[in-house]
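Okay, structure first, notes after.
Per chain, numbering begins at 1; letters A, B, ... match sequence-line order.
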Number of protein chains: 2
Amino acid sequence: MTYCVALKLREGLVLCSDSRTNAGVDHIASFRKLSVFDIPGDRVIFLQCAGNLASTQSVINILRHGIQHEERHILNVGSLFEVAELIGRTIRHVISRDEGQNQGIDFGCNILVSGQIKGDEPSLFHVYPQGNFIEATEDTPYFQIGESKYGKPILDRVITWETPLAKGIQCALISMDSTLRSNLSVGMPLDTISYPANLLDNPGIRRLDENDEHFLKLRTAWSDGLKNLFNELPEFF
Amino acid sequence: MTYCVALKLREGLVLCSDSRTNAGVDHIASFRKLSVFDIPGDRVIFLQCAGNLASTQSVINILRHGIQHEERHILNVGSLFEVAELIGRTIRHVISRDEGQNQGIDFGCNILVSGQIKGDEPSLFHVYPQGNFIEATEDTPYFQIGESKYGKPILDRVITWETPLAKGIQCALISMDSTLRSNLSVGMPLDTISYPANLLDNPGIRRLDENDEHFLKLRTAWSDGLKNLFNELPEFF
């Protein structure tokens, strides 16, 4: 089903997405769900997608196509807010295009839109299948889409606006780790981005596969730490 | 929505249920979801219910009524397996009774049935709305019903057949704590039972409210411990 999480922190943005897609247990595949649109020095925009893969791929393709063929497009509108509006309109278009011919299939998708345009602060939006969207704030500095419940408790416990970027990426990976252990529709490899505020450049997607030693070290430290913590809990009378 | 968890361990059974019910955010109430049927020295049977409250209350009432008015009932059938069958039949009866007249409402419910009859080992079953059921085994020594995802990772990480009863109750409460923090449809007070194998008596339901000092101590130790563990994680490069 996918799991994507995005954190908007004082220091910048942290993004993490899995790559498993499935149309039932016989149809498992791996597709990147994290896309980047950028003009170095002017803007960096990240999209993380969950839901119907055909819909999300259509949305990304239409946005890319618009850069060459539309007057207003993702690389020239004035704000991330307008980027979110544009993506919302595109989602609505794709869903109504496909729904008209078919009954009973869920064409919906959810997209996390984040990034920064020169002159503005970094922003994070959650665009719904209906095309409307909400923005992350200091009170709610993270969004999740897809199979979100397994990984939510740790985010609720530790993430605040003040969490440093380096701790944010650890938390996003732990959140992903809990989900990977409990749900088969979310799978490796993972795509992660750590974007420092005002970089205005693509910091690069870091892809973590099953053998990534740093991720394994983190997962093991967390897992062993949890078991020790559990074993040392005060007796419950 | 409810959250109930039951562990079947070598040492016995651990059960934990919340008590919040809601029919939308204006209709929040508190109803016990844990019921006990017993004949001391012969059998103890526990039911934990999730789903449509009217359905689950009907099921419990029909089972109680059957003790006085039916030839075969929950207190005289020969095994927990037959108890599960009886409950399955009762669920089917209640749902078809109510569904016939109404469209669009979900009358379904899930029931965890556990306990012990003299001469047998303790058992744990998950009875579905369709009336069929599965049994917990040493490979899968726990079941959850209701809002289960938030609380699943910790169970997956620490619970095995060999987990002592005292650790089992801590884990069930931590699993419940994660759920309480992340989902409004699950709420205090909690009902818990710790049943040592071969007791063949009702050990009593222990009810924990918001001010229970032992539960607060456990929640705080876990929460603080998690934050410390998180802060001490090796840097992720």
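In this structure, CG in B:D156 is found 10.5 Å from CG in A:N183, a value given to the nearest 0.5 Å. For the atom pair CD of A:E235 and NZ of B:K167, the computed distance is 8.0 Å after rounding to the nearest 0.5 Å.
In plain terms, the two heavy atoms of B:P234 and A:K217 that are nearest each other are CB-CE, 3.9 Å. B:P153 and A:Y150 make their closest contact through CG-O, 3.8 Å (heavy atoms, listed as atom of the first residue, atom of the second, distance). Taking each heavy atom of A:F236 and B:F215 in turn, the nearest pair found is CE1-N, 3.7 Å. For the pair A:L229 and B:L226, the tightest heavy-atom approach, listed with the atom from each and the gap, is CD2-N, 3.6 Å.
Side-chain contact between A:K149 and B:E147 is present, with heavy atoms from C-beta onward closer than 4.5 Å. Using a 4.5 Å cut-off on side-chain heavy atoms (C-beta onward), B:I174 and A:L233 make contact.
If you measure heavy-atom distances from A:L180 to chain B, you find no contacts under 4.5 Å at all. In this structure, chain A has a heavy atom under 4.5 Å from the side chain of B:L173, while its backbone stays farther away. Both the backbone and the side chain of B:N231 come within contact range of chain A, each with at least one heavy atom under 4.5 Å from a heavy atom of that chain. With a threshold of 4.5 angstrom between heavy atoms, A:E213 does not approach chain B through any atom at all.
Between A:D224 and B:R157 there is no salt bridge, since none of the side-chain N atoms of the basic residue sits less than 4.0 Å from a carboxylate O of the acidic one.
Note: A:K152 leads A:E232, A:K152, A:K227 in heavy-atom pairs under 4.5 Å with chain B.
Heavy-atom neighbours of B:E162 CD from other residues, nucleotides or ligands within 6.0 Å: above the threshold of 12.
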